[in-house]
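Working notes for the structure below.
Quick note on labels: first sequence line is chain A, next is B, and so on, each numbered from 1.
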Protein chains: 2
Amino acid sequence: MAEGGAGPVGGESLLFLTDEQLRKGIEAMFFAYRGFTADPDRILERHDYGRAHHRAMHFIHRSPGTTVNNLLSILGVTKQSLNRVLRTLIEDGLVASQVGRRDKRERHLTLTEKGEALERELSEAQRSRMRAAYRAAGPQAVAGFRQVLEAMMEPEMRRQYMTLRDGGA
Amino acid sequence: MAEGGAGPVGGESLLFLTDEQLRKGIEAMFFAYRGFTADPDRILERHDYGRAHHRAMHFIHRSPGTTVNNLLSILGVTKQSLNRVLRTLIEDGLVASQVGRRDKRERHLTLTEKGEALERELSEAQRSRMRAAYRAAGPQAVAGFRQVLEAMMEPEMRRQYMTLRDGGA
DNA sequence: GATTTTATGTCAGCCTTGTTGACTATCCAA
DNA sequence: TTGGATAGTCAACAAGGCTGACATAAAATC
């Protein structure tokens with residue numbers, strides 16, 4: 001803790017760990033997250049949905065047939081909260097809920113064609129911004145970006161993320 | 001758009017721009033942001049405050065004497081929303097509001113000693129996680145992390161961020 | 001077969017934090 | 001001095017978190 005404004009140490013600078021640098025990282029997260037959600041927010045507003053609907057659709061799209069409980073643990077909200085969102089999505093015909101065959105207590109959630117269409121619109125907007133940022137920063141920066149984000153997650157969430165991450169590719 | 005699962009192009013791989021990679025980046029942002037806010041959230045709960053209070057305190061700490069309007073443009077909320085938060089912070093003696101000398105319409109905001117104490121507690125928790133993530137990822141990754149985040153911001157917010165960023169150091 | 005646990009859904013009610021609209025106080029410029 | 005712009009406040013409403021209580025069906029256990 002005593003490397004005031006010191007220079008390189010042991011061949012590698014520790015300057016990136018100063019409180020000042022950390023504070024900049026914190027603010028970067030804050031402002032970037034705003035940008036990250038800005039485009040979907042605009043689209044959602046037109047459809048009278050909120051971020052909660054987006055998150056639900058994202059993960060249903062990602063893991064079709066997932067159960068309510070699965071979704072709960074990924075989203076980290078209460079079932080009452082999720083249920084409200086899910087109910088409107090089902091009523092509006094964006095999400096289909098099917099009673100499980102093996103375990104009839106479970107409901108398996110999938111996006112309908114209409115749901116897929118909106119999900120595509122939302123995620124394309126988000127990917128588009130991410131693509132621009134990635135392109136501007138370059139592959140090396142992207143690798144670093146992902147490394148830091150992964151290290152910042154709660155262990156439980158990192159598990160979730162890794163499962164999704166590696167399941168996909 | 002036609003580099004299916006292709007290899008390096010023009011000496012530099014474009015694999016990091018596939019939809020799959022972008023989707024991973026999106027989810028990394030989602031999960032990481034949760035981690036990012038987890039520690040302050042726990043502390044805030046004990047004090048009966050929310051994230052809005054944290055954000056206000058952060059930027060008041062950062063720019064002591066700032067006006068309500070300044071804060072508004074940084075936080076990107078309506079003044080009514082901010083006002084409510086500010087009112088409780090002032091009532092609770094965490095923030096001091098001083099009528100401007102030159103322009104008496106303005107209120108200049110500063111943290112009281114009590115406010116500084118809470119801000120320190122909150123930001124230390126957040127820095128601590130950030131520090132761990134930075135340390136785990138290393139300086140190169142941190143540079144990339146910041147580059148991508150900066151590229152992801154809305155231009156207006158990037159301006160704000162840059163001003164703060166460069167004003168501080 | 002009876003009991004307990006699990007998965008889901010629903011109602012009621014609360015809180016935080018967004019929103020818009022109306023209002024006051026002050027400054028500045030015609 | 002008056003009228004428009006600017007800074008801030010107050011009131012009321014909505015979205016989406018939360019807890020708690022309760023219902024139902026199905027699975028698992030005794």
Side-chain angles (χ1 to χ4, degrees), chain A residues 30 33-34 37-38 40-58 60 65-92 95-110, chain B residues 30 33-34 37-38 40-60 65-92 95-110 122:
Chain A
F30 173 69
Y33 200 78
R34 287 253 294 279
T37 54
D41 282 354
R42 273 188 284 272
I43 295 168
L44 288 159
E45 203 180 359
R46 289 208 307 274
H47 295 260
D48 268 310
Y49 291 126
R51 265 182 220 178
H53 301 83
H54 183 192
R55 291 194 286 264
M57 283 192 286
H58 175 100
I60 294 172
T66 188
T67 63
V68 174
N69 243 359
N70 270 332
L71 215 47
L72 282 180
S73 72
I74 288 176
L75 295 174
V77 296
T78 59
K79 64 175 176 176
Q80 294 88 335
S81 217
L82 175 58
N83 190 256
R84 185 175 17 199
V85 165
L86 234 34
R87 200 188 318 164
T88 72
L89 289 174
I90 291 170
E91 276 170 9
D92 296 353
V95 166
S97 167
Q98 266 207 330
V99 172
R101 274 180 309 179
R102 307 214 320 229
D103 188 333
K104 292 180 191 164
R105 291 171 305 178
E106 296 178 337
R107 300 298 131 92
H108 296 283
L109 304 168
T110 45
Chain B
F30 173 70
Y33 200 77
R34 287 252 295 276
T37 55
D41 282 354
R42 275 188 283 271
I43 295 168
L44 288 159
E45 204 180 358
R46 289 208 307 271
H47 294 262
D48 268 311
Y49 290 126
R51 265 182 219 178
H53 300 85
H54 182 191
R55 291 196 286 264
M57 283 192 287
H58 175 100
F59 286 107
I60 294 172
T66 188
T67 63
V68 174
N69 238 3
N70 268 333
L71 217 46
L72 282 179
S73 72
I74 289 175
L75 295 174
V77 297
T78 58
K79 58 183 173 173
Q80 293 82 341
S81 209
L82 175 58
N83 190 257
R84 185 178 14 205
V85 164
L86 236 33
R87 199 188 320 159
T88 71
L89 289 174
I90 291 170
E91 276 170 10
D92 296 352
V95 167
S97 166
Q98 267 207 329
V99 172
R101 275 180 308 179
R102 308 212 320 228
D103 188 333
K104 291 180 191 163
R105 290 171 305 180
E106 294 179 337
R107 301 298 131 91
H108 296 282
L109 304 167
T110 46
L122 290 165

(request) Verify the contact: side-chain N or O of A:Asn69 to OP1 or OP2 of C:dT8, cut-off strictly under 4.0 Å; return yes or no. (result) yes
(message) Please encode protein proximity along nucleotides 24-30 of chain C as a string of B, S and -, counting only heavy-atom distances under 4.0 Å.
(response) -BBS---
(request) Compare all side-chain heavy atoms of B:Leu75 with those of B:Phe59 and state whether any distance is below 4.5 angstrom. (result) yes
(message) It should be established whether A:Arg87 places a side-chain nitrogen or oxygen under 4.0 Å from OP1 or OP2 of nucleotide C:dT10.
(response) yes
(request) Figure out the CG/P separation between A:Asp41 and C:dT17, and round it to whole Å. (result) 17 Å
(request) Report yes if the side chains of A:Val99 and A:Glu106 come closer than 4.5 Å at any heavy-atom pair, otherwise no. (result) no
(request) Please tell me which of A:Gly50 and B:Ile90 maps to the more 5' nucleotide of DNA chain D, matching each residue to the nucleotide holding its nearest heavy atom. (result) B:Ile90
(request) Answer yes or no: is there a side-chain heavy-atom contact under 4.5 Å between A:Tyr49 and A:Asp92? (result) yes
(message) Under 4.0 Å, heavy atoms only, any strand: does A:His53 hit a base, just the sugar-phosphate, or nothing?
(response) sugar-phosphate
(request) Find the distance A:Leu109:CG to C:dA7:C1' and express it as a whole number of Å. (result) 12 Å
(request) Could you pull out the closest heavy-atom pair between B:Ser97 and B:Arg107, with the gap in Å? (result) OG-CB, 3.5 Å
(request) Can you measure from CG (A:Leu72) to CG (A:Leu82) and round to the nearest 0.5 angstrom? (result) 5.0 Å
(message) For B:Arg101, I'd like to know if atom CZ has over 12 heavy atoms of other residues, nucleotides or ligands within 6.0 Å.
(response) no
(request) Give me the residues of residues 75-84 of chain B where at least one heavy atom lies under 4.0 Å from an atom of DNA chain D, by number, or none. (result) B:Lys79, B:Gln80, B:Asn83
(message) A side-chain contact here means heavy atoms from C-beta on lying under 4.5 Å apart; do B:His58 and A:Phe30 qualify?
(response) no
(message) Students should find this one: the first and last nucleotides of DNA chain D, 5' to 3', lying under 4.0 Å from a heavy atom of chain B. What are they?
(response) D:dA5 to D:dA11
(message) If I compare all heavy atoms of A:Gly65 with all of A:His108, which pair ends up nearest, and what's the gap?
(response) O-ND1, 2.8 Å
(message) Atom CD of residue position B:Gln80 - does it have more than 12 heavy atoms of other residues, nucleotides or ligands inside 6.0 Å?
(response) yes
(request) Compare all side-chain heavy atoms of A:Thr67 with those of A:Leu109 and state whether any distance is below 4.5 angstrom. (result) no
(message) Ignoring hydrogens, what is the shortest heavy-atom contact between A:Arg34 and B:Ile74? Give both atom names and the distance.
(response) NH1-O, 3.4 Å
